[in-house]
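Right, one structure below, let's go through it.
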Amino acid sequence: MTIDQQLEFLRRGTTEIINEDDLAAKLKLGRPLRVKLGVDPTAADVTLGWAVVLRKLRDFQKLGHIACLVIGDFTAMIGDPSGKSKTRKQLSREEVQANVDAVSQQFFKILDPERTEINFNKDWLGKMTFEDVIRLCSRYTVARIMERDDFTKRFQEHKPIAMHEILYPLCQGMDSVELRADVELGGNDQKFNNLVGRVLMEQYGQEPQVVLLCPLLVGTDGKEKMSQSLGNYVSITDSPRDMFGKTMSIPDERISNWFELCTDVPMTEVAEMLGPGKNPRDAKIRLAKEIVSLYHSAELADEEEQYFIETFSKRTQVTEAEEATIPGDLVQEGGIPLASLIGALGLAPSNGKARDLIKQGAVALDGEKVSDPFAKFAPPDLAGKILKVGKHQFRKLNFNN
RNA sequence: GGGGAGUUGCCCGAGUGGCCAAUGGGAACAGACUGUAAAUCUGUCGGCGAACGCCUUCGCAGGUUCGAAUCCUGCACUCCCCA
C-alpha cells in the first residue's frame, strides 16, 4: 500500500485526524508505530461503541503497527471528569489484573494479540513525587484546562469541579510521554485529553503524537452515546439473539451510522440499501446479521434472522426459549401465583411490578394472555409452557418435584 | 475569615406542620398501532399484601409535636458574593 492508500484506509470511520501531514510523515518512517489507546480498568464489557475504536486500532495493526494499551489503574482513582467528583478507591494490581484478564478476551476478538502491548499507568504515575506533580502542573495553565467544555459548562452552571479532576487530562498526557506514543486513538470525547498529550510531549522534548478521533456510537435508544451505565448498549459478548434484537430496535436514522462504524460493509452499498423505495427494515436486518456474523458466525446470523422474522414479524408462537425452573418453594395450596413466579425468575423487579405487567396484558402462557393479576397455576400445568413477559422475554418453564 | 443560598424519588423540579408515598416534566416500562423503527394514543411508575392496611423514603444524627419532607439543634456536603 502506498502512503496515500494507507491514509485512506485509516481515515475511514474517523471524525478527525490531528493532523494528517504528521501522520503521513510517521507512516513514511517505515517502522511500526506505537498506537496508544487508554482503557478504563473498571469496564466489564466491550460494547459496540468501544469496538469502534478497537476496530480502528486493529486497522493500524493490519498495517504492521503496535497497539499500546494503557490500563488506567492509576487514573481510575479520578475517573474521567463527568460531574461526579468523588475520588474512587485505588484498585489493587490483583483486582485490576482480574478485570484486564476478563476484558482482554473480548479485546482479542478484535485485536491481534501478537501486536498488542499492555501497560499500567500506575507504574509511572504512581511513582511521581509531589514535586514531580507540581512541576507537571506548572507546564499547563488554568485557562487552558478550563477550555475543556465539560469544565467550562460545570463552571458556568455553578457545579463543583474538584481539584483532582483537572489533573486527569495531565495524567493522560503523561501516559503518552511515558509510552512515547506516535499516535493516540480515542473517541471524540477524548479530544481534549489527547491534545494535552501533544502539548506535554513537546514540553518533554518529544515529537507530539498524532491524535485520531473516532465518532461516538449512539446507543440503541438512538439518543445518548452507547454506554453500559445508560443500558443502551450491545456488548460484543451478547448472545446472537440479543445482539440481533437490540440492533433491530435502533431508530432508522441510526442505521447508516451503525453500518459505518460497526461493519465493513462499503458505504456505497449502504446508501443503496437505504435508497428511495427501499424498506429500512431490510437494511436493519442486514446490519444485525453483519454484526452477529462479526462476533459470532454467519450461520448463527442466519438462524437469528429466521427466529426474528418468525417471532416478531409473523408473531408465530415461540416453541423454544431459555429454560427456567420453577422454584419449589413457591408452591402453595391452590397453585403458584403467576406474579410471584415472574418476580422470582427475575422477569420483573418485584411482585407488584409483575402484577402490573399482567394487568397491562404483557404476560402470556403459550401465547395465551393472562389478565388476572392474581392468577394461580398448578406446577404441572405450567411445566413445558412458554412464559412471555413483555415484548421479548421468553422462558420455557420446567418443574422438578 | 465574613455574609448569603441550597441538599426531595433514575434525572430535573414543586411542596414550608396533618388532605404527602409526596404536583409537574423527562427517562423508563407495558398495551394499541407497527417494521422489537419513528410518530401518536392509553396505562404503570418505592416495597410487602387479595383487600382495609402495613413498612421504608425527602443530605446525616438528634429534638419539639397527638402528628414533620415541612419547625428547632448539631454535623456533612455544594454554590454565590466579599477578602
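Below, read A as the first sequence line, B as the second, and so on, with proteins coming before strands; counting in each chain starts at 1.
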Base, sugar-phosphate, or nothing for A/R241, non-hydrogen atoms under 4.0 angstrom? nothing
Taking pairs as Watson-Crick (N1-N3 plus N6-O4 or O6-N4) or G-U wobble (N1-O2 and O6-N3), each distance under 3.5 Å, the stems of three or more consecutive pairs with RNA chain B are B:1-7 with B:76-82, B:10-12 with B:24-26, B:28-32 with B:40-44, B:46-48 with B:53-55, B:59-63 with B:71-75
A/I285 CD1 - B/U34 P separation (whole Å): 18 Å
Atom-to-atom span, CG of A/D372 to P of B/A51 - whole angstrom: 12 Å
Polar pair under 3.5 Å, donor/acceptor by atom type, side chain A/R315, base B/U36: no
A/K278 NZ to B/G35 C1': how many Å, rounded? 17 Å
Worked check of salt bridge (Lys or Arg N to Asp or Glu O under 4.0 Å) between A/E8 and A/R11: CA-CA 5 Å; A/E8 180 62 33; A/R11 209 164 14 222; 3.0 Å; yes
Without decimals, in angstroms, what is the distance between A/D238 CG and B/U36 P? 19 Å
Examine A/R139 relative to A/Y204 and say whether NZ or CZ is less than 6.0 Å from the centre of the six-membered ring and inside a 45° cone about the ring axis. yes
Does the pair A/K376 and A/D381 meet the rule for a salt bridge (Lys or Arg N to Asp or Glu O under 4.0 Å), with working shown? CA-CA 10 Å; A/K376 292 182 178 182; A/D381 292 340; over 6 Å; no
A/E368 atom CD, over 12 foreign heavy atoms within 6.0 Å: no
Going 5' to 3' through nucleotides 75-83 of chain B, assign each nucleotide B (protein heavy atom under 4.0 Å from a base atom), S (under 4.0 Å only from sugar-phosphate atoms) or - (no protein heavy atom that close). ---SSS---
Going 5' to 3' through nucleotides 41-47 of chain B, assign each nucleotide B (protein heavy atom under 4.0 Å from a base atom), S (under 4.0 Å only from sugar-phosphate atoms) or - (no protein heavy atom that close). --BSS-S
If you look at every strand shown and take non-hydrogen atoms under 4.0 Å, does A/F312 touch a base, only sugar-phosphate, or nothing? base
Between N or O atoms, less than 3.5 Å apart, protein on one side and nucleotides 11-13 of chain B on the other: list the pairs.
none

Indicate yes or no: at least one non-hydrogen side-chain atom of A/F107 is less than 4.5 angstrom from one of A/L69. yes
With sequence neighbours left out, write down each residue that passes side-chain hydrogen bond (donor to acceptor under 3.5 Å, both in side chains) with A/D101, or none if nothing qualifies. A/Q97
NA contact type, A/K376, heavy-atom cut-off 4.0 Å: base, sugar-phosphate, or nothing? nothing
Hey, what are the protein-to-nucleotides 37-39 of chain B N/O distances that come in under 3.5 Å?
from: B/A37; atom 1: O4'; to: A/K284; atom 2: NZ; distance (Å): 3.2
from: B/A37; atom 1: O2'; to: A/D252; atom 2: N; distance (Å): 3.3
from: B/A37; atom 1: N3; to: A/D252; atom 2: OD2; distance (Å): 3.3

Select from A/R355 and A/K314 the residue whose nearest nucleotide in RNA chain B is closer to the 5' end of that strand. A/K314
Measuring from A/K396:NZ to A/E320:CD, what's the distance to the nearest 0.5 Å? 4.0 Å
Of B/G35, B/A30, B/A32, the nucleotide closest to the side chain of A/K369 is B/A32
note: A/N279, atom CG; B/U36, atom P; distance rounded to Å ~ 10 Å
Of the listed B/U36, B/A51, B/G35, the closest approach to the A/F374 side chain comes from B/A51
Using 0.5 Å steps for rounding, measure from the CZ atom of A/F60 to the CD1 atom of A/I66. 13.0 Å
Cation-pi check, A/R241 to A/Y307: give yes when NZ or CZ is under 6.0 Å from the six-membered ring centre and within 45° of the ring axis, no otherwise. yes
Using the ring of A/F151 (Phe, Tyr or Trp, six-membered ring only), decide whether A/K159 places NZ or CZ under 6.0 Å from its centre and within 45 degrees of its axis. no
Separation of B/A27 P from A/L230 CG (nearest whole Å): 14 Å
Without hydrogens or angle criteria, can the side chains of A/Q61 and A/D112 be said to hold a donor-acceptor pair below 3.5 Å? no
A/L287 CG to B/G35 C1', in whole Å, measures 14 Å
Measure from CD1 on A/I342 to P on B/C29 and round the result to the nearest Å. 17 Å
Measure up the A/F244 and A/F308 rings against each other and bin them: parallel (under 30°), tilted (30 to 60°), perpendicular (over 60°). tilted
